[in-house]
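Written below as structure tokens is the structure these notes are about.
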Number of protein chains: 2
Amino acid sequence: MTITRRPLREQIRDEVLTRLVRGDHPVGERINEGELADELGVSRTPLREALAGLAQEGVLELRPNRGFWLLPLTVDEVKETYPIIGALEAFALRQCDIQVLAESVPRLNELAQRMLDVDPLEAGRIDDQWHDELLKSCPNKRLLQLIKAQKTVVHRYEFAYFTSRKRIMRAETEHRLIAKAILERDMDRAAGELVGNWTVDPGVLREVFG
Amino acid sequence: MTITRRPLREQIRDEVLTRLVRGDHPVGERINEGELADELGVSRTPLREALAGLAQEGVLELRPNRGFWLLPLTVDEVKETYPIIGALEAFALRQCDIQVLAESVPRLNELAQRMLDVDPLEAGRIDDQWHDELLKSCPNKRLLQLIKAQKTVVHRYEFAYFTSRKRIMRAETEHRLIAKAILERDMDRAAGELVGNWTVDPGVLREVFG
DNA sequence: ACTTTAAATTCTGAATTCAGAATGTAGAGT
DNA sequence: ACTCTACATTCTGAATTCAGAATTTAAAGT
């Protein structure tokens with residue numbers, strides 16, 4: 001038996017992030033450390049470590065002497081963050097092993113298909129898996145780590161974002177086009193499509209932000 | 001009088017980072033929290049916050065129950081991080097206002113010149129300023145923030161890196177080429193040169209790592 | 001002398017406590 | 001009624017304390 005002894009701060013991080021993503025906490029509001037610590041049944045020390053980490057990633061803001069605040073979801077944040085991820089992933093894709101990529105295509109298409117069959121929430125998770133599978137042969141591990149951190153920020157949006165069936169279908173289409181480009185060994189096109197995959201269309205932005 | 005009341009954790013962060021970059025601490029070794037806290041005259045709590053931040057940025061590693069370790073400078077880290085910064089800066093450059101860029105050229109060239117006149121240590125600082133000036137009109141603030149964080153990691157290397165006069169001269173040349181491309185409104189070339197500026201040549205790598 | 005095991009020490013992770021900043025409230029003065 | 005100030009309360013930032021994990025030291029056995 002492998003007894004789990006994960007540091008408390010990590011467990012807290014996961015739980016807090018889940019709550020924030022789930023929308024339990026009012027957006028744009030202060031987080032009361034004492035209250036939250038009590039709820040979670042832990043002390044403020046590891047909680048603060050977890051919150052500080054999320055602040056550094058850009059999910060929260062830490063105002064001196066005012067505490068942690070859940071940053072509001074803004075159009076700007078979407079407009080800024082998604083393209084960054086697009087650029088990073090395209091860059092990562094170019095460092096991937098083309099042979100491994102080609103071998104991944106069946107799995108990629110399988111995942112693309114599955115996105116259509118599940119509920120919107122699960123779709124976001126599968127979308128993640130798709131991108132992980134795509135970039136798994138990128139030797140620049142630091143780059144992959146960076147991409148992962150950026151995605152944490154946008155995960156908050158996927159609730160609003162992937163609830164649109166249209167959006168899921170668009171993602172599916174794009175995923176298949178990228179897979180096709182890979183099979184044809186056209187990495188320029190694949191990278192271009194990948195950037196496009198991280199481009200939010202204005203219509204959806206209006207839909208989400210009004 | 002504006003009394004300075006910067007959070008202790010931030011002051012500690014700066015001081016610790018300076019020490020690490022300066023090479024005060026043996027690379028690849030554990031950091032003794034109690035000892036360092038005593039040296040700095042603070043308690044372990046804010047020190048840990050500072051260290052945790054540096055760990056998240058990738059300067060330190062935090063091993064559960066083993067504490068913080070100063071990551072060794074590795075060839076891999078250079079090979080992985082520099083290209084990331086190159087890709088991010090090139091991406092940022094494309095979002096800059098071409099008019100503002102053109103107006104920056106005199107200042108950019110002045111900074112490029114000054115790199116030649118100062119000691120290698122100061123050269124690194126000026127190099128930073130040059131890149132800041134270049135990208136100041138990029139509207140994607142999150143991207144700029146990300147670039148800055150990545151550079152923190154790399155700063156440790158500049159001691160070893162910029163001590164090479166040859167390297168400084170190469171940087172100066174490249175900076176001027178980028179400025180020239182901007183004046184000619186050839187942003188493709190400018191971006192290409194910028195990526196090149198973040199490409200470490202194998203000769204220098206051998207020189208630094210043996 | 002060398003290995004193994006047990007005790008002692010050191011150090012990290014987390015809880016608790018304390019100090020001071022920010023906020024909220026009540027009362028005095030206009 | 002409204003504003004300003006003084007006081008009380010709440011909350012964050014930091015220090016201190018405590019528990020338990022990892023490491024080191026010492027001793028026993030081969």
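Below, chain A is the first sequence line, B the second, and so on; all start at residue 1.
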- request: Could I get the full list of side chain to side chain contact (heavy atoms under 4.5 Å, CB included) partners for B:D76, not counting sequence neighbours?
  value: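 So B:D76 forms a side chain to side chain contact (heavy atoms under 4.5 Å, CB included) with B:T74.
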message: Strictly below 4.0 Å, N to O, side chains only: are B:K151 and B:E89 in salt-bridge contact?
response: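 Salt bridge: yes.
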message: Quick check on DNA chain C: between B:G34 and A:G41, whose nearest nucleotide comes earlier from the 5' end?
response: B:G34
Nearest-angstrom distance from the residue atom CD of A:E33 to C1' of C:dA22: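 After rounding, the reported distance stands at 14 Å.
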- request: Answer with base, sugar-phosphate or nothing: what part of the nucleic acid does A:R44 contact at a heavy-atom distance below 4.0 Å?
  value: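 Base, at least one base heavy atom under 4.0 Å.
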- prompt: Is B:L47 touching bases, backbone alone, or none of the nucleic acid, heavy atoms closer than 4.0 Å?
  reply: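 Answer is nothing: B:L47 stays at 4.0 Å or more from every strand.
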query: Can you list the steps and then say if A:H25 with A:R19 is a side-chain contact (heavy atoms from CB on, under 4.5 Å)?
result: CA-CA 7 Å; A:H25 191 84; A:R19 290 179 180 216; over 6 Å; no
- request: Check whether any side-chain nitrogen or oxygen of A:R30 sits under 4.0 Å from OP1 or OP2 of C:dA22, and answer yes or no.
  value: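 Checking C:dA22 against A:R30, no side-chain N or O comes under 4.0 Å of OP1 or OP2.
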query: How about A:L205 and A:K79: do any of their side-chain heavy atoms sit closer than 4.5 Å?
result: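 They are in side-chain contact.
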- prompt: Are any of the side-chain heavy atoms of A:I178 and A:W130 separated by less than 4.5 Å?
  reply: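 The answer is yes, as the side chains (C-beta and beyond) meet within the 4.5 Å cut-off.
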message: Could you tell me the boundaries of the chain B footprint on DNA chain D, defined by atoms under 4.0 Å from its heavy atoms?
response: D:dG13 to D:dT23
Residues 95-103 of chain B, side-chain donor-acceptor partners within the protein, below 3.5 Å, at least two apart:
residue : atom : partner : partner atom : Å
B:D97   : OD1  : B:Q99   : N            : 2.7
B:D97   : OD1  : B:V100  : N            : 3.2

